[in-house]
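The next block holds one structure in the form of structure tokens; read it before the comments.
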Number of protein chains: 2
Amino acid sequence: MVDDDLPNTGLLLYIPYRWLENRVIDALITAGYGDITTAQMRIVQRIGLHGTRLTELADQAQVTKQTAGYLVDQLEKAGWVERVVDPTDKRARLVRIAARGKQALPIAATAVAEVEAAWEAHLGKRHVAQLRHTLGRLREITDPYA
Amino acid sequence: MVDDDLPNTGLLLYIPYRWLENRVIDALITAGYGDITTAQMRIVQRIGLHGTRLTELADQAQVTKQTAGYLVDQLEKAGWVERVVDPTDKRARLVRIAARGKQALPIAATAVAEVEAAWEAHLGKRHVAQLRHTLGRLREITDPYA
DNA sequence: TATCATTAGTCAGATACTCTGACTAAAATA
DNA sequence: TATTTTAGTCAGAGTATCTGACTAATGATA
């Protein structure tokens with residue numbers, strides 16, 4: 001069990017990540033929510049329950065705030081998110097999930113759950129749990145926002 | 001050890017992937033090889049020892065062949081790769097690593113090794129091996145080109 | 001409290017990436 | 001040989017991303 005013929009760990013992480021993302025996109029398209037792009041999804045995914053500031057979304061998605069602003073503009077036009085004033089800071093506004101986003105998110109969540117179920121079927125429940133645990137530990141040293 | 005507070009598995013995979021990619025970019029910039037973009041790296045990474053066809057690069061990187069062609073154009077102009085005729089098929093050409101690429105690749109490889117060492121220091125050798133093994137098994141059902 | 005520095009976000013412009021559609025030439029197949 | 005498929009390019013358009021410059025509100029401090 002040496003696994004020395006495997007590609008580098010980066011690619012190894014990327015392959016299932018991309019697979020999962022593609023399954024979510026497929027599910028959204030099928031359900032009529034295809035008017036969202038991967039770049040936009042990577043923003044939406046990081047919006048917290050009570051809304052999140054643009055700058056924080058930018059930091060977490062690792063894009064500039066200008067880019068995040070552009071993506072939120074698109075999402076807002078399409079009804080996925082809305083901007084509301086931040087009561088604690090007049091400069092800031094909170095980006096929140098709006099109507100269309102609330103409808104679509106369960107579909108995305110279901111798609112993720114289905115993929116995770118498929119992975120459990122292939123790897124076994126124990127190994128998936130261990131994988132998630134290990135990735136969670138890795139997050140401690142790779143996620144500045146953990 | 002339930003890990004129920006962890007984000008979805010997609011984000012969990014993406015975070016360390018992106019971290020690793022950033023460390024590679026940092027190393028390349030430091031060594032004076034900053035004239036490559038992430039999109040270009042995702043192509044270069046998939047070029048085999050004897051060269052790889054454009055269409056295959058496109059498939060594996062999950063972009064259209066036009067996009068792959070555009071990226072290879074940039075890489076070729078910068079001396080990272082070259083195109084040589086495929087002796088077995090006059091329509092095709094093989095994309096191969098050229099001089100600049102050959103110089104830079106060891107730097108990228110070193111950066112990857114350093115990150116993997118840091119991960120081993122944090123998780124333990126055993127858990128990293130297990131992580132790679134599990135990701136390798138996952139690849140069986142998520143990589144059409146495995 | 002008046003000033004200075006920082007932070008949140010936008011505007012403008014440029015570049016990079018990605019796609020669809022249409023095309024040529026070579027190879028594979030019927 | 002005629003047809004279909006495959007490898008790749010050309011052209012055009014939309015999306016994503018960046019840097020630089022700016023405004024307004026906040027925070028820190030003299």
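By convention in this document, chain letters (A, B, ...) are assigned in the order of the sequence lines, proteins followed by strands, and residues within each chain are numbered from 1. Because the structure is a prediction, the values reported are computed rather than measured.
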Sugar-phosphate, base or nothing in reach of B:Arg42, heavy atoms under 4.0 Å: nothing
Sugar-phosphate only, base, or nothing, as touched by B:Lys65 at under 4.0 Å among non-hydrogen atoms: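 B:Lys65: base contact, heavy atoms under 4.0 Å.
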Can you measure [X] atom [atom1] to [N] atom [atom2] for me and round it to whole angstrom units?
X: A:Asp86; N: D:dA25; atom1: CG; atom2: P; result: 14 Å
X: B:Glu76; N: D:dT9; atom1: CD; atom2: P; result: 9 Å
X: B:Asp89; N: D:dT5; atom1: CG; atom2: P; result: 17 Å
X: A:Gln62; N: D:dA16; atom1: CD; atom2: C1'; result: 16 Å
X: B:Leu57; N: D:dG8; atom1: CG; atom2: P; result: 9 Å
X: B:Gln40; N: C:dC17; atom1: CD; atom2: C1'; result: 10 Å
X: A:Arg53; N: D:dA25; atom1: CZ; atom2: P; result: 14 Å
X: B:Tyr70; N: C:dG21; atom1: OH; atom2: P; result: 21 Å

Does the [X] side chain pair with the main chain of [Y], one donor and one acceptor, at a distance under 3.5 Å?
X: A:Arg46; Y: A:Arg42; result: yes
X: B:Arg137; Y: A:His122; result: yes
X: B:Glu76; Y: B:Arg83; result: yes

Parallel, tilted or perpendicular: ring planes of A:Tyr17 versus B:Tyr14, cut at 30 and 60 degrees: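 Judged by the thresholds at 30° and 60°, the geometry between A:Tyr17 and B:Tyr14 is tilted.
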Of the candidate nucleotides [options], which contains the atom at the shortest distance from the side chain of [X]?
X: A:Val63; options: D:dC18, C:dA26, D:dT26; value: D:dC18
X: A:Leu71; options: C:dT10, D:dA16, D:dT9; value: D:dA16
X: A:Ala92; options: D:dA25, D:dT9, C:dG9; value: C:dG9

Any [X] side-chain nitrogen or oxygen under 4.0 Å from OP1 or OP2 of [N]:
X: B:Thr67; N: C:dC19; result: yes
X: A:Thr37; N: D:dT15; result: no
X: B:Thr64; N: C:dT18; result: no
X: A:Thr55; N: C:dG9; result: yes
X: A:Arg93; N: C:dT10; result: yes

Side-chain donor/acceptor contact of A:Gln66 with base of D:dG20 under 3.5 Å: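 Flag set: donor-acceptor pair detected.
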Base D:dT26 to side chain A:Arg91, donor-acceptor N/O within 3.5 Å cut-off: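 Per atom types, no contact qualifies.
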Whichever of A:Gln74 and A:Lys90 has its nearest DNA chain D nucleotide further upstream toward 5':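 Checking each residue's closest nucleotide, the 5'-ward one belongs to A:Gln74.
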Test item: side-chain donor near acceptor, B:Gln66 and B:Tyr70, under 3.5 Å: no
Heavy-atom neighbours of B:Arg96 CZ exceed 12 at 6.0 Å: no
